[in-house]
Amino acid sequence: ERHTEVFGFFPTLSQPSVLQHEYEAVDTSAGAAGAAVTRFGERSGWKQNQSQNQKHLGYSSLSKAHLQPFNQPEEHGGEVMLTRGEGVYVYDTNGKEYLDGLSGLWSNSLGNGNERIIAAASNQMKKLAYQHTFWNRTTDIAEEYSSKLVEFCQPSLGVTQTFFSSGGSDANDTNMKLAWYYWTAMGKPDKVKIIAREKAYHGVTAIAASVSGMPKMHKGFGPLPLPWVSHVSTPHYWRNGFPGETEEEYSSRLAKELEDLILREGPDTISAFIAEPVMGAGGVIPPPKGYFEKIQPVLRKYDILFILDEVITGFGRLGEKFGADFYGIQADVYSVAKAMSSSYYPLGASLITPKIAEVVKEQADKVGTFGHGYTFGGHPVACAIGLECLQIYQDMNLWDHVKLMTPTFQDPLKQLETHPLVGEVRGEGFMLAIEFVSDKETKAPLKTRIPPATIVANKCLEHGLLVRSLGDAIVIAPSLVYTTENFLELFSKLNMAIKDFDKIVYEELPSLP
C-alpha cells in the first residue's frame with residue numbers, strides 16, 4: 001500500500017457512551033425509542049454481510065419522470081435506490097445494507113424506525129391531519145410545539161417567538177424577509193442588502209440560493225445571485241490563512257474585510273449578515289479562532305442584523321443544543337430545520353428574538369397584516385413530530401452523547417492527515433470533512449479524471465457506507481445516536497474505500513507522492 005495504515009491506532013473505546021447510560025435510566029419513560037436506539041448499539045454481525053454487500057450496488061435505471069435535486073451526470077456512478085431503513089442503516093432494492101454516514105442530508109438525527117415518532121405522527125393524523133395557521137386560526141399542536149420550542153431555546157438564544165416553515169430554505173427566506181420588514185418598520189426601507197459568505201449554503205429558493213456562495217447554484221438560473229447580495233471570504237484558515245498568520249490574526253483580517261465591504265456599500269443600505277456556525281455543504285469549515293467574537297461587534301457597530309443559519313447545527317450536532325451555544329453567538333433571528341423533526345416530516349422554523357418580534361407586531365398592527373406564510377407552515381403532523389423529537393432529545397440529553405463521542409469520531413479520522421494525498425481533516429462534533437490534495441505544501445487540488453472525493457464516495461457505497469462527495473472533499477455527518485460500534489464499522493468501511501482509492505489514483509497518476 002502507498003499510504004500508512006491509519007485506522008490501527010484507535011483511542012480507548014471501552015468507555016460506555018452517555019447514550020447507553022441514558023437509556024438505562026429513561027427506558028421506561030422513553031418507551032420504544034429507548035429500545036430502538038439501544039438496539040442500534042447492540043447490533044452485531046455486520047462483518048458477516050460484508051462480502052454480500054460488495055456484490056450488489058442495488059440500483060436500477062433512474063426514472064426519467066423524476067428530476068433529481070443536484071443531479072450530476074459527471075459523478076460517474078454512485079446511483080442507489082433505497083427502499084427501507086432500520087436505525088442508522090438503510091437498504092436498497094437488492095436488500096444490500098448501508099451504514100448511513102450522512103444521516104440522510106445531515107438531518108436524520110435519530111435514525112429510521114423510531115417508534116415514538118411514528119406513534120406521534122399516526123396519532124396526530126387520526127386526530128387532525130391538516131389545518132393551516134393563517135389569519136387568526138391555529139391548532140392546539142402548533143401552539144404547544146411553539147411554546148415548548150421557545151422554552152427549549154432559553155436562556156441562551158433569547159428567543160420568544162417562532163414562525164414555522166417546511167424546511168431550511170424557506171426558514172432562511174423568512175428571516176431575510178423579516179429583516180426587511182423590520183427595517184421598513186424602523187423607517188429605514190433602504191436597508192435591503194444582504195451580506196453572506198463564499199461557499200455558504202443557505203438553501204435553493206431564489207433568495208436563499210442568492211446568498212449561498214456557490215456558483216454552481218447560480219449557473220443557468222437567470223439573474224441569480226440577485227444584485228443586492230454581496231459575499232465576503234470563506235473563513236477557512238487552512239486554505240486562506242497567510243504564512244505566519246495566526247488564526248486570531250486571520251479572524252481580525254476577515255472582520256476588517258467585512259467592515260470594509262459595509263463602508264463601501266453604505267451601512268444604511270445593508271439589512272443583514274447571514275452565516276452558518278460551521279459551514280456545511282461548502283466543505284464542513286469551522287470558523288477560525290475568534291471569528292464570531294470579531295464579526296459580531298462589526299455588525300452591531302453598523303446596525304446590521306445577524307441571521308444565524310442553524311439548519312445543520314441545531315439540536316445537538318456540535319455537542320451543544322445549538323451552534324450558537326457552542327461558539328457564544330447572539331443573533332437576532334435563527335433558522336432551524338433538519339434535526340427539528342429528525343427529517344421524518346418536512347419542518348423548519350424561524351426563531352425570533354424580542355428585538356425583531358416586537359417591531360414586527362407593531363408594524364403588522366400599523367399596516368393591517370403580516371403578509372407572509374406557507375400552506376404547510378405549522379402543519380399539525382409536522383408539529384406533532386417536532387414536539388416528540390424535542391422531548392426525545394431532552395430525555396436523552398443527546399448533545400451530551402455527541403460531546404462525549406466526538407473524540408471517538410474525530411480523533412481516528414484526524415490520523416488520515418498522514419496520508420500523502422490528504423490535505424486536511426476538519427470538523428466539529430458529528431460533522432467532518434476529508435479534503436484531498438496532490439501536494440500537501442501547496443494544497444494544490446488532486447486532478448483525477450473522476451473527482452477524488454467521488455472515487456472515495458463510490459467505493460464507500462460498494463462497501464456499504466453512505467458518505468457525500470464535494471469533489472475535493474468527502475463529508476461524514478452521522479446520526480446523533482451513533483454508538484462506538486457504529487463508528488468502528490464506519491472506520492473499517494472507509495479504510496477499505498481509501499485503499500481502493502489509492503489503487504485507482506496511483507495507477508492513473510503514478511508520479512504522485
Side-chain angles (χ1 to χ4, degrees), residues 70 106 168 172 193-204 208-219 224-225 229-243 245-262 264-265 270 272-296 298-299 304 306-313 318 323 326-327 329 331 335 422-429 431-437 442-446 451 453 468-475 477:
F70 287 90
W106 328 75
N172 280 322
K193 296 176 183 175
I194 309 288
I195 299 175
R197 303 180 297 177
E198 293 170 357
K199 287 196 172 183
Y201 180 87
H202 298 294
V204 296
S210 291
V211 295
S212 296
M214 298 183 181
K216 67 181 179 182
M217 295 176 62
H218 305 147
K219 278 182 187 174
L224 299 187
V229 173
S230 298
H231 293 88
V232 290
S233 298
T234 308
H236 191 179
Y237 176 68
W238 171 77
R239 174 63 66 183
N240 300 323
F242 292 154
E245 186 178 43
T246 67
E247 285 192 53
E248 290 276 358
E249 290 168 342
Y250 176 55
S251 293
S252 296
R253 177 158 62 89
L254 293 178
K256 185 179 185 306
E257 178 196 20
L258 174 62
E259 185 168 22
D260 289 345
L261 175 62
I262 291 169
R264 197 161 57 244
E265 295 290 330
I270 299 171
F273 173 78
I274 185 169
E276 305 153 272
V278 174
M279 300 184 81
V284 185
I285 302 170
K289 290 177 184 176
Y291 177 77
F292 284 112
E293 292 90 334
K294 296 175 187 293
I295 289 292
Q296 291 177 94
V298 174
L299 301 176
I304 294 168
F306 189 1
I307 302 169
L308 192 64
D309 182 346
E310 292 259 19
V311 170
I312 289 176
T313 53
L318 299 184
F326 190 86
Y327 288 111
I329 300 168
S335 306
V422 172
E424 185 184 36
V425 179
R426 56 183 179 263
E428 293 286 0
M431 54 193 302
L432 177 141
I434 303 165
E435 183 162 340
F436 299 94
V437 294
T442 65
K443 303 168 187 171
L446 181 57
R468 179 177 180 180
S469 168
L470 298 178
D472 289 331
I474 63 164
V475 168

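Side-chain N/O atoms of Glu310 and Thr313 include a donor and acceptor closer than 3.5 Å. At a cut-off of 3.5 Å, with distance as the only test, a side-chain donor of Lys294 or Ser252 sits close to an acceptor on the other residue.
Gln296 contributes a side-chain N or O that, together with a main-chain N or O of Phe292, makes up a donor-acceptor pair within less than 3.5 Å. Distance alone, capped at 3.5 Å, is enough to place a donor-acceptor pair between the Glu276 side chain and the Tyr201 backbone. Judged by distance alone, the side chain of Glu249 and the main-chain N or O of Thr246 form a donor-acceptor pair under 3.5 Å. For His202 (side chain) and Asn172 (main-chain N/O), no donor-acceptor pair under 3.5 Å exists by modelled atom type.
Here CD1 of Ile304 is found 6.0 Å from CG of Leu299. Values are rounded to the nearest 0.5 Å. To the nearest 0.5 Å, atom CD1 of residue Ile285 and atom CZ of residue Arg239 are 9.5 Å apart. Of the inter-residue distances, the one linking Met214 atom CE with Lys199 atom NZ reads 8.5 Å to the nearest 0.5 angstrom. For the atom pair CZ (Arg197) and CD1 (Ile295), the distance works out to 8.0 Å, reported to the nearest 0.5 Å.
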Exercise for the section: Check the pair Ile312 / Val278 against side-chain contact (heavy atoms from CB on, under 4.5 Å), numbers first and verdict last. Expected result: CA-CA 9 Å; Ile312 289 176; Val278 174; over 6 Å; no
Practice task
Could you go through the side-chain contact (heavy atoms from CB on, under 4.5 Å) check for Phe242 and Arg253 one step at a time?
Solution key: CA-CA 10 Å; Phe242 292 154; Arg253 177 158 62 89; 3.4 Å; yes
Practice task
Check the pair Leu470, Arg468 against side-chain contact (heavy atoms from CB on, under 4.5 Å), reporting the backbone distance first and the verdict last.
Solution key: CA-CA 7 Å; Leu470 298 178; Arg468 179 177 180 180; 3.7 Å; yes
Practice task
Decide side-chain contact (heavy atoms from CB on, under 4.5 Å) for Val425 and Leu432; before the verdict, give the C-alpha distance in whole Å, the side-chain angles of both, and the deciding distance to 0.1 Å.
Solution key: CA-CA 7 Å; Val425 179; Leu432 177 141; 3.8 Å; yes
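The pair Lys256-Asp260 meets the salt-bridge criterion, with a side-chain N (NZ, NE, NH1 or NH2) lying under 4.0 Å from an Asp/Glu carboxylate O. A salt bridge links Glu435 to Arg426: one of the charged nitrogens lies within less than 4.0 Å of a carboxylate oxygen.
Between Pro277 and Asp309, the shortest heavy-atom contact is CD-O, 3.1 Å. In terms of heavy-atom proximity, Ile329 sits nearest to Gly323 at CD1-O, 4.5 Å.
Counting heavy atoms from C-beta on, the side chains of Trp106 and Val284 come closer than 4.5 Å. Looking only at side-chain heavy atoms (C-beta outward), Tyr250 and Asn240 come within less than 4.5 Å of each other. Taking the side chain as every heavy atom from C-beta outward, Val298 and Ile262 approach each other to under 4.5 Å. Pro451 places none of its side-chain heavy atoms less than 4.5 Å from the side chain of Asp472. Put simply, the side chain of Glu293 does not reach to within 4.5 Å of the side chain of Tyr327, judged on heavy atoms. Ile274 places none of its side-chain heavy atoms less than 4.5 Å from the side chain of Ile195. For the pair Met431/Val475, no side-chain contact is recorded, criterion being any heavy-atom separation below 4.5 Å from C-beta on.
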Under 3.5 Å, which donor-acceptor pairs link side chains of residues 229-236 to any protein atom two or more places apart or in another chain?
residue: His231; atom: NE2; partner: Ser210; partner atom: O; Å: 3.4
residue: His231; atom: NE2; partner: Val211; partner atom: O; Å: 3.0
residue: Ser233; atom: OG; partner: Glu257; partner atom: OE1; Å: 3.2
residue: Ser233; atom: OG; partner: Glu257; partner atom: OE2; Å: 2.8
residue: Thr234; atom: OG1; partner: Glu198; partner atom: O; Å: 2.6
residue: His236; atom: NE2; partner: Glu424; partner atom: OE1; Å: 2.8

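The 12-atom threshold is exceeded at NZ of Lys443, counting heavy atoms of other residues, nucleotides or ligands nearer than 6.0 Å.
Ring-plane geometry between Phe273 and Phe306 is classed as tilted, the angle between the planes lying from 30 to 60 degrees on a 0 to 90 degree scale.
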